[in-house]
Amino acid sequence: MNKIRTRFAPSPTGYLHVGGLRTALYNYLFAKKYNGNFLLRIEDTDQARMVKGADKQLLGILSLFKLKYDNKPVYQSKRLKVYKNFADQLVKAGKAYYCFCTPERLTKMREEQIANKKPPMYDGTCRDLMHEQVEQNLSSGKPYVIRLKVPLNKIINFTDLIRGEVSFNSETIDDQVLIKSDGYPTYHLANVVDDHEMGITHVIRGEEWLPSTPKHILLYEAFGWEKPAFAHLPLLLNQDRTKLSKRQGDVAVEDYLKNGYLPNALLNFIALLGWNPGEGSTKEIFSLDELVKEFDLTKINKAGAVFDIEKLNWLNGLYIRKLKVKELAKLCKPYLKQIKNSKMIEKIVTVEQERLKKLSDIAQNINFFSDKKIQYDPNLLVWKKSTRTATIENLVKLEDYLMTLKETDFKTVKNLEDKVTSWIKQNNYGVGDYLWPMRVALSGQQNSPSPFEIAWVLGKKITLKRINEAQNKLR
Ligand code: GLU
């Protein structure tokens, strides 16, 4: 068998869709599994959709996810002549033709077709123009496009590696434009020419491109080129099984990264959208190398894959918990701009690590981790059936006790917890009567980390100050 060569062929439109990342990943995995090549092609010929700098952003994302491509990326915008030459070749061979129909005529034609409940398609006006007519139009400088002469009444079959046998009737296929009036190629022409010239053996792409495939097959046949194998990946779906859309959540990889999903976790999650390691395996955590070993196109589902954000949160949480505190602190820093002290950040991260689903969560409910006064409703300090007066008394006793502790007693959460709980026990106090108001005095929140964790982060001085302030709030 020939060496396997796959490609990722994004259009640089300003962001990478999560489906695009999956396409890139599967192309990478398939190529690497068989010691083949994974190539990158930037499909930047649609001037209207181009966004400046988007290609650089794409390259950055691929490198962040360690999807290393072989060779230099191919930019279609640098190959306009190549496409034009190939289109001319098809015209000469009678497989494509010049079309001089004006946009106004085409719009009118389409409107009439729609009014008559017919599918809008080119009506073939220029398909069989006389040679002299064509020459005359060209020399008088009439604008034109080049269209593919789609054979009439032909069945186009191919075997998709995921979907199996697929067949289309050429009657449903428009005489596709190959070269636009501005001289730029369409997606179809450039895509087929490049896949051929880059020696692509397997075209792996999203299901939305399936209707384009018969057009591509006709082009391969018109050129007399060998066709690659095709594999169309299942759609990504929202929870309600509609097509994944921005309205129901983020679709841009950039947004997930911004919110603090770790690249490894995101990639792991994306790998499982439509692929699983096969029956009998319940493994869900995969590194990129493990994926290369286990991946195969035969294990991809035909059915759409639901993008389950809860599962992503769960996976990301697992990856976050595997990080060392120092690493996590570094990653969380951009979300904690208000906290300048890096020791403090490390402590906060230690306390929050267990609970984090994504890095940005660290910024939620952390206002109490500072030396500033905190605001809250004093009634929150009162535990269950206790009273304001009793709560004041308890907080006074607690303050007196904590005052007797040394600075070093605040060095670990465990030590602090041992000290305070044994003091409570020795005195036969109710645990909730002390630890509830202590926690609220330190956090001002209904829910928060434990009082010992917060006291450990804040240190002795601020802890005592907050407990004292709480008494004043109740008085
Ligand atoms: N440029 C197309 C895209 O943006 C490529 C589709 C294909 O892989 O053929 O997805």
Side-chain angles (χ1 to χ4, degrees), residues 4-31 36-51 54-59 61-62 67 69 73-80 83 86 148 156 158 160-163 166 168 173 176-178 180 184-220 223 225 227-236 243-246 251-254 270 273-274 297 300:
I4 282 181
R5 284 165 78 87
T6 64
R7 49 54 167 192
F8 178 47
S11 306
T13 52
Y15 70 93
L16 179 59
H17 191 283
V18 284
L21 179 59
R22 183 188 61 173
T23 301
L25 173 64
Y26 286 5
N27 275 288
Y28 172 88
L29 296 176
F30 185 69
N37 293 130
F38 168 62
L39 307 176
L40 178 64
R41 181 169 75 231
I42 305 293
E43 301 211 325
D44 56 351
T45 59
D46 189 346
Q47 294 303 93
R49 291 173 65 212
M50 280 290 292
V51 174
D55 60 324
K56 292 281 170 304
Q57 193 175 315
L58 263 164
L59 302 190
I61 288 196
L62 291 182
L67 302 179
Y69 44 87
V74 171
Y75 281 78
Q76 288 191 326
S77 58
K78 301 218 173 101
R79 293 171 44 77
L80 300 181
Y83 309 122
F86 277 115
L148 181 65
I156 303 146
F158 65 97
D160 186 277
L161 295 179
I162 296 166
R163 317 188 61 83
V166 184
F168 288 86
I173 298 172
Q176 212 58 60
V177 173
L178 304 177
K180 294 180 273 188
Y184 278 74
T186 56
Y187 154 70
H188 302 293
L189 177 67
N191 189 271
V192 165
V193 165
D194 287 342
D195 280 344
H196 171 72
E197 295 221 312
M198 291 164 77
I200 300 303
T201 58
H202 293 74
V203 169
I204 304 169
R205 61 186 169 200
E207 190 178 294
E208 63 274 26
W209 300 102
L210 189 64
S212 298
T213 306
K215 300 170 189 173
H216 298 178
I217 289 184
L218 288 174
L219 272 169
Y220 281 103
F223 282 118
W225 292 339
K227 292 172 254 216
F230 292 97
H232 288 90
L233 306 173
L235 284 181
L236 295 186
K243 197 173 160 206
L244 189 67
S245 65
K246 227 177 172 131
V251 294
V253 172
E254 287 87 342
I270 295 241
L273 290 175
L297 284 176
I300 291 178

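All values below come from the heavy atoms of this structure, side chains included, with hydrogens, waters and symmetry mates left out. Order of appearance sets the numbers: ligands from 1, and atoms from 1 within every ligand.
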Colleague: For the pair Lys243 and Glu208, find out whether any cationic side-chain nitrogen is under 4.0 Å from an anionic carboxylate oxygen.
Modeller: no
Colleague: Between ligand 1 and Ile204, is the shortest N or O to N or O distance under 3.5 Å?
Modeller: no
Colleague: Within ligand 1, which atoms have a heavy atom of Asn191 less than 4.0 Å away?
Modeller: 7 (C), 9 (O)
Colleague: Is the closest side-chain donor-acceptor distance between Tyr184 and Asp46 under 3.5 Å?
Modeller: no
Colleague: Considering non-hydrogen atoms only, spot the tightest contact between Asp160 and His232 and give its length.
Modeller: OD2-ND1, 2.6 Å
Colleague: Which residue and atom name correspond to the protein heavy atom nearest atom 5 (C) of ligand 1, and how close is it?
Modeller: Ala9 O, 3.2 Å
Colleague: When the ring centroid of His202 is compared with that of Phe30, is the distance short of 6.0 Å?
Modeller: yes
Colleague: Are Phe8 and ligand 1 in contact, using a heavy-atom cut-off of under 4.0 Å?
Modeller: no
Colleague: What residue and atom, counting heavy atoms only, is the protein's closest point to atom 1 (N) of ligand 1, and at what distance?
Modeller: Glu43 OE1, 2.6 Å
Colleague: May I ask you to identify the nearest protein heavy atom to atom 10 (O) of ligand 1, giving residue, atom name and distance to one decimal place in Å?
Modeller: Trp209 CZ2, 3.4 Å
Colleague: Can you tell me the protein heavy atom closest to atom 4 (O) of ligand 1 and the distance?
Modeller: Ser11 OG, 3.1 Å
Colleague: Hey, are the side chains of Asp195 and Val203 touching, using non-hydrogen atoms and a 4.5 Å cut-off?
Modeller: yes
Colleague: Could you check whether any side-chain heavy atom of Phe168 comes within less than 4.5 Å of a side-chain heavy atom of Ile217, counting everything from C-beta outward?
Modeller: no
Colleague: Are the aromatic rings of Tyr187 and His216 close, with centres under 6.0 Å apart?
Modeller: yes
Colleague: So which bit of Val203 gets within less than 4.0 Å of ligand 1, heavy atoms only: side chain, backbone, both or neither?
Modeller: neither
Colleague: Starting from atom 8 (O) of ligand 1, locate the nearest protein heavy atom and write down its residue, its atom name and how far away it is, to 0.1 Å.
Modeller: Arg7 NH1, 2.5 Å
